[in-house]
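Shown next, in structure tokens, is the structure this report addresses.
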Amino acid sequence: MRFSQIFGHTLKEAPSDAQAVSHQYLIRGGYIHQVAAGLFSYLPLARRVLNKIERIMHDEMAKIGGQEITMPVVLPADMWKDSGRWYQIGSEMTRLKDRKDHDMVLAMTHEEALCDLAKKYIRSYKEMPSLVYHIQTKWRDDPRPRAGLIRVREFKMKDSYSMDTSWEGLDKQYRAHYQAYFDIFHRCGLDAIAVKSDTGMMGGKIAHEFMYLTPIGEDTIIYCDSCGYNSNRQVAEFSKDKSEQEALAETEKVETPDCKTIADLAEFLKIPESKTAKAVFMVATVMEDNEEKEQFVLAVLRGDMELNETKLANAVQAKDLRPAHEDEIKQRGSVPGYGSPIGVKDALVVVDDLVAESPNLVAGANEEGFHLLNVNCGRDYKADIVTDIAAADKGHKCIECGAVLKAEKAVEVGNIFKLGTRYSESMGCLYQDQNGELQPIIMGSYGIGVGRLLSCVVEQHHDDHGIIWPVSIAPFQVHVVLLHDRKGTEAQDVAEKLYEDLKAAGIEVLFDDRQESPGSKFNDADLIGIPLRITVGRRALEKGGLEFKYRQGGEAEIVPLSDIITKCKSAVDELEKGIKDSIVKVEYKD
RNA sequence: CGGGAUGUAGCCUAGUGGCUAAGGCGCCUGCUUUGGGAGCAGGAGAUCGCGAGUUCGAGUCCCGCCAUCCCGACCA
């Protein structure tokens, strides 16, 4: 490809609303164009990168038996009504009507479409195990797109769907994806880790997320250096220090003016925060007899802990959870800042397991300016549910080994779900087993966001001048920079011939043939980030060759013209070997 | 949906209520130049986000709306 003919161009300065490094470089390099919030056009350079990433995905899917299909982006609403998600999902799902006034949806994911397909084509146990996938557009009307391609509204996802007759079969396909996903990320040059995650609205039993650790990430990973435990903070567990057991003491009401926070209270009473209990008032939306219903929830935690809303939502099986309003709290006989379960009516009381066994805590008196000493769960108030609802954080102790946990921000680049029969049962996706009896298909679903993967690779591989592509997904392998020479056409002639020779040798080459100053060309080459650069100019020609340089760094070397093709090939091989060496067998962790 | 910020040419920015909205980058033409974003000369390019208002006069002040970004809520 000649640089002079590429659709798109580089920018010296990034638009002021691009903040993330990947966003800036991708726009400045002429890779992407923002159309609206969370909507991007991909220009030829980006398209070439995406094509390579998708090629790797096709390759890895083929290795685990995946067959490519394509399902539509616009789907009839009926299948989403069958699965129930038509009713569960809010405005992130865009609904429309076709000319016949039928309800339609823009696909956010394709579980429903797949079930609809499987219903018709999977009839017998003999047709499983099966695995199909596509790389297809998803539309999620996200309330807050951000950071360039990291979080967008329209994006392409590689999503695969496994169909099995047994849980063992599902487990096998799940583990195959676990390894395949690592292989995909490693082949793209991305360091990702797998963590346990919440199954969320996807339902099912087990899920993992694949995370790229970066401060611009929106998720928080809790991990342990010493034993390797890691988990999304939403579901992370930790070891809670048991309180010292002591005789239950008499409850006593004390005046505590201006002690609305636990910190104030502990300071005022000169006790550690761990000797207090905090009440968090929430309102959950739960399903009862297929009707949505609001349920007031009073969560009780020890004062030194934070509520984990995901854990609480799972504990009460809420499809939605929000903080309670002040008037809702007062209606039930409590006071914000001085709340506790004692005497509060119409509330589902959920108590963190640590509180349940911590004696003589200080809790609110449900009266402005007063707390109660020596409050004990069970004796003084009844818990409807006792379970872990506390948020793990850095500094807590590892559930596995007791070492100190750490926390880090991350971007979710992929996820895998054991769906089980969540969709096949609701949608009647049945097959006949050996006995001729109808059984629901046991399913899994597995996704990777293609554009998000691309931008994470840029986040990982760049320097102050621009992108440094891993050779496996670089838009081109070699960037030939021609420096025009007013004293003759030698450089130009050599570069033109080199361009043809490299192409003939099967090397992907971007040829900067523009009439630009050397500085412009070098800066653009750094920005675009092609891994190998050959400079054709008088200076090197006089020394008998061409200048050869790796984008990742190191000194330029003069390579004789006769050796340059061989040199390029061996350098590409060397870079590819580096990628291959990073592909390793990973240990599956439940 | 709540909080904050911004909106002037393709990009970055300046612009005290007052004359024909300024500069840089980029773009076009010509000359010149070619090893880390060259120089000279000329040129094109603006509904100052949109609408309403205050004013003799609004890019500038007020109100409404829209858009984009950041924080939070949300994230199948």
Side-chain angles (χ1 to χ4, degrees), chain A residues 8-20 23-24 27-28 30 33-39 80 83-94 105-112 138-148 150-153 155 157 159 197-204 207 209 216 218-219 232 234 309-310 313 319-323 411-412 415 417 419 422-423 445 447 449 452 464-466 481-488 491-492 512 514-527 533 535-543 546-547 549 556:
Chain A
H9 51 74
T10 58
L11 288 175
K12 278 191 189 173
E13 287 176 290
S16 53
D17 51 13
Q19 312 240 309
H23 191 191
Q24 291 184 359
I27 288 199
R28 285 188 52 213
H33 169 75
Q34 182 164 352
V35 177
L39 294 176
W80 291 76
S83 75
R85 290 207 285 189
W86 172 264
Y87 309 101
Q88 291 169 1
I89 298 173
S91 46
E92 305 84 48
M93 181 156 79
T94 295
V105 309
L106 296 182
M108 309 174 76
T109 174
H110 282 83
E111 280 78 15
E112 282 81 359
K138 307 286 181 264
W139 169 261
R140 299 178 184 185
D141 198 357
D142 198 295
R144 193 156 92 82
R146 59 176 287 274
I150 298 288
R151 187 163 150 177
V152 294
R153 294 192 293 169
F155 59 98
M157 176 185 270
D159 42 328
S197 75
D198 184 39
T199 52
M201 290 297 284
M202 275 293 199
E209 290 168 335
I216 70 167
E218 302 182 280
D219 288 280
N232 193 310
Q234 291 177 327
E309 292 190 18
T310 306
K319 61 166 280 205
D320 195 27
L321 195 64
R322 63 167 172 86
V411 173
E412 179 185 346
N415 52 40
F417 293 94
L419 297 176
R422 155 71 182 87
Y423 292 92
S445 90
R452 185 179 278 188
D464 290 345
H465 303 284
V481 176
L482 163 61
L483 303 182
H484 289 276
D485 183 357
R486 71 191 151 89
K487 291 178 184 161
Q492 178 149 13
D512 192 347
R514 297 173 303 165
Q515 292 282 345
E516 290 289 335
S517 68
S520 287
K521 292 189 170 191
F522 290 137
N523 279 297
D524 278 347
D526 287 347
L527 177 60
R533 189 179 88 193
T535 305
V536 184
R538 180 159 45 90
R539 189 183 288 178
L541 286 170
E542 282 168 355
K543 291 183 196 161
L546 306 169
E547 193 175 296
K549 194 172 185 302

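Here is how names work: the chains are called A, B, and so on, in the same order as the sequence lines, proteins then strands, and each is numbered from 1.
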Please report, rounded to the nearest Å, how far the P atom of B:rU33 is from the NE2 atom of A:H484. 15 Å
Stem list, RNA chain B (Watson-Crick or G-U pairing under 3.5 Å, at least 3 consecutive pairs): B:1-7 with B:66-72, B:10-13 with B:22-25, B:27-31 with B:39-43, B:49-51 with B:63-65
Atom P, compared across B:rG10 and B:rA44: separation rounded to whole Å: 16 Å
Does a distance-only test, which skips hydrogens and angles, find a donor-acceptor pair under 3.5 Å between the side chain of A:R28 and the base of B:rG37? yes
Shortest non-hydrogen contact from A:W80 toward A:I89: CZ3-CD1, 4.3 Å
Just how far, in rounded Å, is P of B:rC75 from CH2 of A:W139? 18 Å
Using the P atom on both, measure B:rG3 against B:rG64 and round to a whole Å. 13 Å
Base, sugar-phosphate, or nothing for A:R533, non-hydrogen atoms under 4.0 angstrom? base
Using a cut-off of under 3.5 Å, enumerate the N/O to N/O pairs linking the protein to nucleotides 22-29 of chain B.
residue : atom : partner : partner atom : Å
B:rC25  : O3'  : A:K12   : NZ           : 3.1

Rounded to the nearest angstrom, tell me the gap between atom CD1 in A:I27 and atom C1' in B:rG10. 13 Å
For the residue pair A:R153 and A:A37, what are the closest heavy atoms and their distance? NE-O, 2.9 Å
If we take the C1' atom in both B:rC12 and B:rU6, what is their distance in whole Å? 14 Å
Can you give me the closest heavy-atom contact between A:D526 and A:R533, atom names plus distance? OD1-NH1, 3.7 Å
Reading nucleotides 65-72 of chain B from 5' to 3' and marking B where a protein heavy atom lies under 4.0 Å of the base, S where only the sugar-phosphate is that close, and - otherwise, the string is ---SSSBB
P-based separation of B:rA52 from B:rA5 [nearest Å]: 26 Å
P atom, B:rG59 versus B:rA9: distance in rounded Å? 15 Å
Between A:T535 and A:E412, the residue closer to the 5' end of RNA chain B by nearest nucleotide is A:T535
Using a 4.0 Å heavy-atom cut-off across all strands, classify A:E309 as base, sugar-phosphate, or nothing. sugar-phosphate
Heavy atoms only: give me the nearest A:A556-A:E547 pair and the separation to one decimal. CB-CG, 3.6 Å
For A:D142, what residues pass the side-chain hydrogen bond (donor to acceptor under 3.5 Å, both in side chains) criterion, not counting sequence neighbours? A:R151
Note: for A:R514 and A:E218 on RNA chain B, the residue whose nearest nucleotide lies more 5' is A:R514
To the nearest angstrom, how far is A:M93 atom CE from B:rC75 atom P? 14 Å
For A:E516 and A:S520, the nearest pair of non-hydrogen atoms, with its separation, is OE1-OG, 3.8 Å
What pairs with A:D512 under side-chain hydrogen bond (donor to acceptor under 3.5 Å, both in side chains), at least two apart in sequence or on another chain? A:R514
Rounded off to whole Å, could you give me the CG-to-P distance for the A:D524 and B:rG37 pair? 12 Å
Integer angstrom distance from the P of B:rA38 to that of B:rG72: 41 Å
Is there a donor-acceptor pair closer than 3.5 Å between any side-chain N or O of A:R452 and the backbone N or O of A:I150? yes
Please report, to 0.1 Å, the donor-acceptor pairs under 3.5 Å made by any side chain of residues 11-20 of chain A, with sequence neighbours excluded.
none

Does this structure show an ion pair linking A:R146 with A:E218, if we count only N-O contacts that are shorter than 4.0 Å? yes
Can you tell me how far C1' in B:rG18 sits from the matching atom in B:rC25, rounded to whole Å? 31 Å
Mind checking if A:N523 touches a base, just sugar-phosphate, or nothing, with heavy atoms under 4.0 Å? base
Between A:R538 and A:A491, is there a donor-acceptor pair closer than 3.5 Å when you use the side chain of the first and the backbone of the second? no
Hey, could you give me the CZ/NE2 distance between A:F522 and A:H465, rounded to the nearest 0.5 Å? 13.0 Å
When rounded to whole Å, the CG to C1' distance for the pair A:D141 and B:rC1 reads 13 Å
Ignoring hydrogens, what is the shortest heavy-atom contact between A:V481 and A:A525? Give both atom names and the distance. CG2-CB, 4.4 Å
B:rA22 versus B:rU29 - spacing of their C1' atoms, nearest Å: 24 Å
